[in-house]
Amino acid sequence: MDRATLCVQAGYEPQNGEPRVLPIYQSTTYKYSSAKELAALFDLESPGHMYTRISNPTVEAVERKISALEGGVGAMLTSSGQAASFISIFNIASAGDNFIMMGNLYGGTTNLFLVTMKRMGIEARGADPSMSDEEILALFDDRTRAFFGETIANPSLAVFDFDRFSALAHSKGVPLIVDNTFATPILCRPFEHGADIVVHSSTKYMDGHAVVVGGAIVDGGSFDWRAGGKYPELTQPDGSYHGVVYADAFGKAAYITKARTQLMRDLGTTPQPMAAFLLNLGLETLDLRIRRHSSNALRVARYLQGRTDLIGSVSYPGLEDSPEHERALRYLDGGMASGVVSFSMKGGRDAAMRFMDSLRLASIVVHVADARTCVLNPASTTHRQLSDEMLREAGIDPGFVRLSVGIESVDDIIADIEEALSCL
Ligand SMILES: *Cc1c(COP(=O)(O)O)cnc(C)c1O
């Protein structure tokens, strides 16, 4: 079925007389009629729920929907996008191992990988699209376990070169993990372009209403964990689970099964049933919303490009003259590129702050990718401690504004911007 249909229908199929809408199973625990049946669950011999830290029927229905949307073999929801990114790597890397990360990842992911995971003895090695293949391949060694990138990078809006980086990762026998948060499975299905594992911050477009923090990991089932002998945690007995060998017992779903039965069990970064229910409501309209976000953002980006009196560069992969446009056409459905547009004010930090203060429809928030148009100026908020000079060194223009275009009438959004610009 088409993804628009899966958004509405996948994951939950009520039987005769059952509630039409996915129920919220607000229960930490599940009843069994015999000790033997429960024992079989603990041995991973029969499917079912034992404790909500590990699985829950409401959460499971939403996992099925997201897996169907991505075209995977299984998915696991997490309490946040951060937890999903962490588990996606930690599931296949231990102290002494390393992995390759694209240098333009979301700031929270960059800190998790470079600072926190380093303290666990797992090293992230930065790659950049401007590097040659030889330079990137030189980052790998026999302890390299994965390659991690973002479909549409937040906030640089670079579009990931799937063909190139999946070939590099696979030539070294490691899986490609992609954060598909900004594109969502409506605009891009990374498994069709060589990715093996997908992660999401569902907090953004999937929820879409800014009501609940969450994340997801989806297993494409495509990676052969045995081939290079590099993934003993999947191909050798797990002592914490009666010696189960995930690759034998669960085949294509080995990775996602281990993530749940071992890491979700031990780390407990569990989504609440209510959170999954709210996420599901958001997912039902994802196809409609992301198309509207994308068409609105393209109109806004074109308007901003026309305001050369006050605005310098405008970046949006949907613009024909964007350096990302060719990749956007190749990997993003119809070249649609979500709602996030960034641009820089010629007047620098002060102009950016005055522009933002003068907006009336667009609000100033630390969030992106929900139904309401919002703005953020890193120089006056998240990067406030840095001087203009330090900002430029970090690759951030002091007048840089990130605009997350919502699903309101695009005429109203542009009128709001026009009025705010007239106040400068
Ligand atoms: C927000 C975000 C995250 C982190 O997700 P949380 O749900 O806030 O933990 C990860 N990746 C990207 C691309 C994001 O935009």
Side-chain angles (χ1 to χ4, degrees), residues 3-4 6-12 21-26 56 58-70 72 75-88 106 108-109 150-152 154-155 178-190 198-218 269-294 296-297 336-340 362-363 365-376 402-408:
R3 277 165 271 179
L6 296 175
C7 280
V8 183
Q9 298 274 356
Y12 174 64
V21 174
L22 172 65
I24 304 168
Y25 287 92
Q26 194 66 53
N56 168 280
T58 308
V59 173
E60 183 181 44
V62 184
E63 290 169 339
R64 284 207 205 105
K65 177 176 283 187
I66 292 174
S67 183
L69 282 168
E70 287 287 7
M76 179 174 83
L77 293 189
T78 56
S79 53
S80 68
Q82 288 294 104
S85 298
F86 172 65
I87 292 176
S88 76
Y106 167 69
T109 312
E150 275 174 31
T151 306
I152 302 175
N154 174 9
V178 174
D179 180 337
N180 199 31
T181 297
F182 270 20
T184 81
I186 307 303
L187 302 186
C188 179
R189 288 174 111 183
V198 163
V199 299
H200 280 282
S201 165
S202 63
T203 318
K204 312 294 164 54
Y205 289 116
M206 279 191 169
D207 162 0
H209 300 77
V211 293
V212 65
V213 172
I217 306 177
V218 193
T269 53
T270 311
Q272 295 302 311
M274 183 69 185
F277 174 82
L278 291 169
L279 171 56
N280 188 53
L281 284 184
L283 285 168
E284 289 186 2
T285 57
L286 178 63
D287 185 89
L288 280 175
R289 287 186 291 105
I290 197 74
R291 290 171 192 281
R292 170 82 164 216
H293 279 292
S294 300
N296 277 2
M336 287 187 291
S338 91
V340 184
S363 50
V365 297
V366 184
H367 194 250
V368 288
D370 74 72
R372 286 156 288 260
T373 297
C374 58
V375 278
L376 183 76
R402 187 178 63 180
L403 179 68
S404 174
V405 179
I407 58 174
E408 304 92 341

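Treat the numbers as computed from the prediction; the structure is a model and nothing was measured. Residue numbers start at 1 and run along the sequence shown.
Residues Glu150 and Thr181 bring no donor and acceptor atom of their side chains to less than 3.5 Å of each other. Arg189 and Asn180 share no side-chain donor-acceptor pair at under 3.5 Å. For Asp370 and His367, the side-chain atoms include at least one donor-acceptor pair closer than 3.5 Å.
Residue Cys7 comes nearest to Lys65 through the heavy atom pair O-NZ, 2.6 Å, listed as atom of the first residue, atom of the second, then distance. For Glu408 against Arg372, the heavy-atom pair with the smallest separation is OE2-CA, 3.3 Å. In terms of heavy-atom proximity, Arg291 sits nearest to Ile186 at NH2-CG2, 4.1 Å. Of all heavy-atom pairs between Ser67 and Ala75, the closest is CB-CB, 3.9 Å. Smallest separation of non-hydrogen atoms from Val62 and Ala276: CG2-O, 3.4 Å. Closest of all the heavy-atom pairs between Ala183 and Cys188 is CB-CB, 3.9 Å.
Using a 4.5 Å cut-off on side-chain heavy atoms (C-beta onward), Arg3 and Leu286 make no contact. Side-chain atoms of Leu279 and Ile66, non-hydrogen and from C-beta on, do get closer than 4.5 Å to each other. Inter-residue side-chain proximity for Lys204 and Thr184 is flagged as unmet; no heavy-atom pair is nearer than 4.5 Å. Side-chain atoms of Ile217 and Ile87, non-hydrogen and from C-beta on, do get closer than 4.5 Å to each other. Between Phe277 and Pro23, the closest side-chain pair of non-hydrogen atoms is not below 4.5 Å. Looking only at side-chain heavy atoms (C-beta outward), Ser338 and Ile290 come within less than 4.5 Å of each other. Taking 4.5 Å as the limit, some side-chain heavy atom of Met206 sits within range of a side-chain heavy atom of Pro185. Put simply, the side chain of Tyr106 reaches to within 4.5 Å of the side chain of Gln82, judged on heavy atoms.
Between the CG atom of Leu22 and the CD1 atom of Ile24 there is a distance of 8.0 Å, given to the nearest 0.5 Å. Thr109 contributes atom OG1, which lies 8.5 Å from atom CG of Asn154 (distance to the nearest 0.5 angstrom). Atom NE2 of residue His293 and atom OH of residue Tyr205 lie 5.5 Å apart, to the nearest 0.5 angstrom.
Checked by atom type and distance alone, the side chain of Glu70 never pairs as donor or acceptor with a backbone atom of Val218 at under 3.5 Å. A donor-acceptor pair under 3.5 Å is absent between the side-chain atoms of Ser202 and the main chain of Asp207, judged by distance alone. No donor-acceptor pair under 3.5 Å is formed between the side chain of Ser363 and the backbone N or O of Cys374. Side chain of Thr58 to main chain of Tyr25: a donor-acceptor pair is present (N/O by atom type, distance under 3.5 Å, no hydrogens or angles). Side-chain N or O atoms of Thr373 include one that pairs as donor or acceptor with a backbone N or O of Gly406 at under 3.5 Å. The closest donor-acceptor contact from the side chain of Glu63 to the backbone of Leu77 lies under 3.5 Å. Remark: side-chain polar atoms of Thr78 are not paired, donor with acceptor, to backbone N or O of Ala83 under 3.5 angstrom.
In this structure, the salt bridge (charged side-chain N to carboxylate O under 4.0 Å, His left out) partners of Arg64, at least two apart in sequence or on a different chain, are Glu60.
Under the side-chain contact (heavy atoms from CB on, under 4.5 Å) rule, Val405 has a single partner from Asn296, Val375, Val340, which is Asn296.
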Report the C-alpha separation of Arg289 and His209 in whole Å, then their side-chain angles, then the decisive distance to 0.1 Å, and conclude whether the side chain to side chain contact (heavy atoms under 4.5 Å, CB included) test is met. CA-CA 10 Å; Arg289 287 186 291 105; His209 300 77; 4.0 Å; yes
